Amino acid sequence: MLSLSIIIPIFNEEENIRALYERLIQTIASLKLTDFEFIFINDGSKDASISIIKSLATQNQSIKYIDLSRNFGHQNAVFAGMQYATKDAVVIIDADLQDPPEVIISLYDKLMEGFDVVYAQRITRNGESWHKLLTAKYFYLFLEKLSDTPIPLDTGDFRIMTRKVNQTVCEMPERNKFLRGQIAWTGFNQTYIEYERQARHSGQTKYSYPKMFKFAMDGISAFSNFPLKLATWMGFLTALVAVGMFVYTLYIRLFTNNYIRGWSSLMVTLLFIGGVQLICIGILGEYLGRVLDNVRGRPPYVVKDSNFPNSSK
Ligand code: UDP
Ligand code: MG
């Protein structure tokens, strides 16, 4: 029997915490686990989340919290939980009950069969907007094509992993986290189970479109250099077109009389090359910005308060 850490990132989830806690406790009871910890990471919530968590912690010794100094984003919050986790196996779960806590039972049982990672793959996703589903679907297909590491489709961070995998990911110094990819990258013995993703218990998604875009770019830049190569290819392509245009222009100038015309082709070429250059600079910028993030070497999160005995990490 493995002891279990359950990591729960929290950003303004005051209406979900108690319901989640009840269902987690029931799940732990069905697993007959005595050695476990719930790690709530408060990611700069503006609502009553942290006081609810602290009051739960007074009732139950197994409840740990890490109160971050501000909002560091979902991935960094989960990473904080991973660094603090002390048990044999680690579960990551969302706080909004979209990932049903009961699924942990199947995750745990599967892990016990001798796997190192068991991720939960969504066969349906209820209560999410069509544009979120559409963008997510194509993003993951795109990432799968680009990435050298096979990153499972239709999975979030909801999963269980052994301490070994958890520690391996904790030791990765990269600043822009894409945990589901990093975990896939570690190798070991990985498998999945299927589940039905539920609608949010309460409240709205905490992933705004800018956050989703950043997350998507983190995923792509962490697992593929293809966009950089694409910039080179686009450069070659436009150079090729430019050579064609050069020959054509010379031909018009030397062998015909209507060489004044051609303003539109000039504009089209100018805009085309300008556009391609801007896209390439943008791609470079996305990578360069992340290199800079890593060079700065700032910590991924800052802890304000915690009830872990040794919380000076
Ligand atoms: N979350 C977080 N920090 C953030 C955004 C989200 O800790 O900046 C937490 C949030 O409270 C939830 C989980 O991450 O427990 C997943 O977020 P959400 O449900 O909003 O994402 P979605 O399911 O809509 O993709
Ligand atoms: Mg959610």
Side-chain angles (χ1 to χ4, degrees), residues 5-21 23-24 38-53 56 63-85 90-101 103-104 119-122 124-140 143 153-159 175-181 195-219 300-304 306:
S5 298
I6 300 187
I7 296 175
I8 312 142
I10 303 282
F11 182 48
N12 297 335
E13 303 283 5
E14 59 183 2
E15 289 149 328
N16 297 323
I17 296 171
R18 283 182 198 282
L20 172 76
Y21 172 70
R23 283 175 59 184
L24 280 176
F38 297 162
I39 307 177
F40 288 93
I41 304 97
N42 181 39
D43 188 20
S45 300
K46 298 260 184 284
D47 64 1
S49 296
I50 187 66
S51 48
I52 299 172
I53 296 166
L56 288 176
I63 296 194
K64 303 288 181 213
Y65 62 83
I66 304 167
D67 191 13
L68 301 184
S69 63
R70 64 171 169 85
N71 179 258
F72 281 90
H74 172 231
Q75 296 288 294
N76 291 324
V78 172
F79 187 68
M82 291 171 74
Q83 289 204 311
Y84 275 79
V90 177
V91 166
I92 304 172
I93 188 169
D94 283 357
D96 56 5
L97 292 166
Q98 281 197 283
D99 308 329
V103 173
I104 295 175
Y119 53 88
Q121 191 163 50
R122 351 186 228 233
T124 58
R125 293 175 79 162
N126 300 317
E128 285 183 294
S129 64
W130 63 267
H131 36 94
K132 174 140 192 174
L133 295 184
L134 202 75
T135 46
K137 180 167 172 233
Y138 284 103
F139 166 67
Y140 285 108
L143 187 62
L153 290 176
D154 298 321
T155 52
D157 287 320
F158 187 27
R159 62 190 61 214
R175 185 58 191 77
N176 296 282
K177 311 282 179 206
F178 191 70
L179 295 170
R180 58 200 68 169
Y195 81 113
E196 292 187 16
R197 191 158 160 96
Q198 305 300 310
R200 247 181 178 270
H201 176 72
S202 180
Q204 299 287 322
T205 173
K206 305 298 182 294
Y207 258 94
S208 57
Y209 274 100
K211 272 187 182 173
M212 259 168 65
F213 183 75
K214 179 181 180 296
F215 183 58
M217 286 307 298
D218 282 343
Y301 58 87
V302 176
V303 177
K304 183 164 76 183
S306 163

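Not measured: the values here are computed from a predicted model. Counting starts at 1 for both ligands and their atoms, following the listed order.
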Discussion item. Quick check for you: to the nearest 0.5 Å, what is the distance between Leu20 atom CG and Ser202 atom OG?
Written reply: 12.5 Å
Item to complete: Would you sort out whether Asp96 and Asn16 count as a side-chain hydrogen bond (donor to acceptor under 3.5 Å, both in side chains), showing the intermediate values?
Response: CA-CA 6 Å; Asp96 56 5; Asn16 297 323; over 6 Å; no
Worksheet item: Is it the case that Arg23 places NZ or CZ above or below the six-membered ring of Tyr21, under 6.0 angstrom from the centre and within 45 degrees of the axis?
Response: no
Fill in: Among Arg197, Lys206, Arg159, Arg200, the one residue meeting salt bridge (charged side-chain N to carboxylate O under 4.0 Å, His left out) with Asp94
Arg197
Practice prompt. To the nearest 0.5 angstrom, please state how far the CZ atom of Phe38 sits from the CD1 atom of Ile53.
Written response: 12.5 Å
Item to complete: Quick one, list the residues around ligand 1 where some non-hydrogen atom comes in under 4.0 Å, by chain and residue number.
Response: Pro9, Ile10, Phe11, Glu13, Asp43, Asn71, Gly73, His74, Asp94, Ala95, Asp96, Gln98, Lys132, Arg197, Arg200, Thr205, Lys206, Tyr207, Lys211
Discussion item. Is the distance between the ring centroids of Tyr207 and His74 under 6.0 Å?
Written reply: yes
Worksheet item: N/O/S atom of Asp96 under 2.8 Å from the Mg ion (ligand 2), yes or no?
Response: yes
Worksheet item: Are Tyr301 and Asp43 close enough, and set up right, to give a side-chain hydrogen bond (donor to acceptor under 3.5 Å, both in side chains), and what steps lead you there?
Response: CA-CA 9 Å; Tyr301 58 87; Asp43 188 20; over 6 Å; no
Fill in: Residue Gln98, metal the Mg ion (ligand 2), N/O/S under 2.8 Å
yes
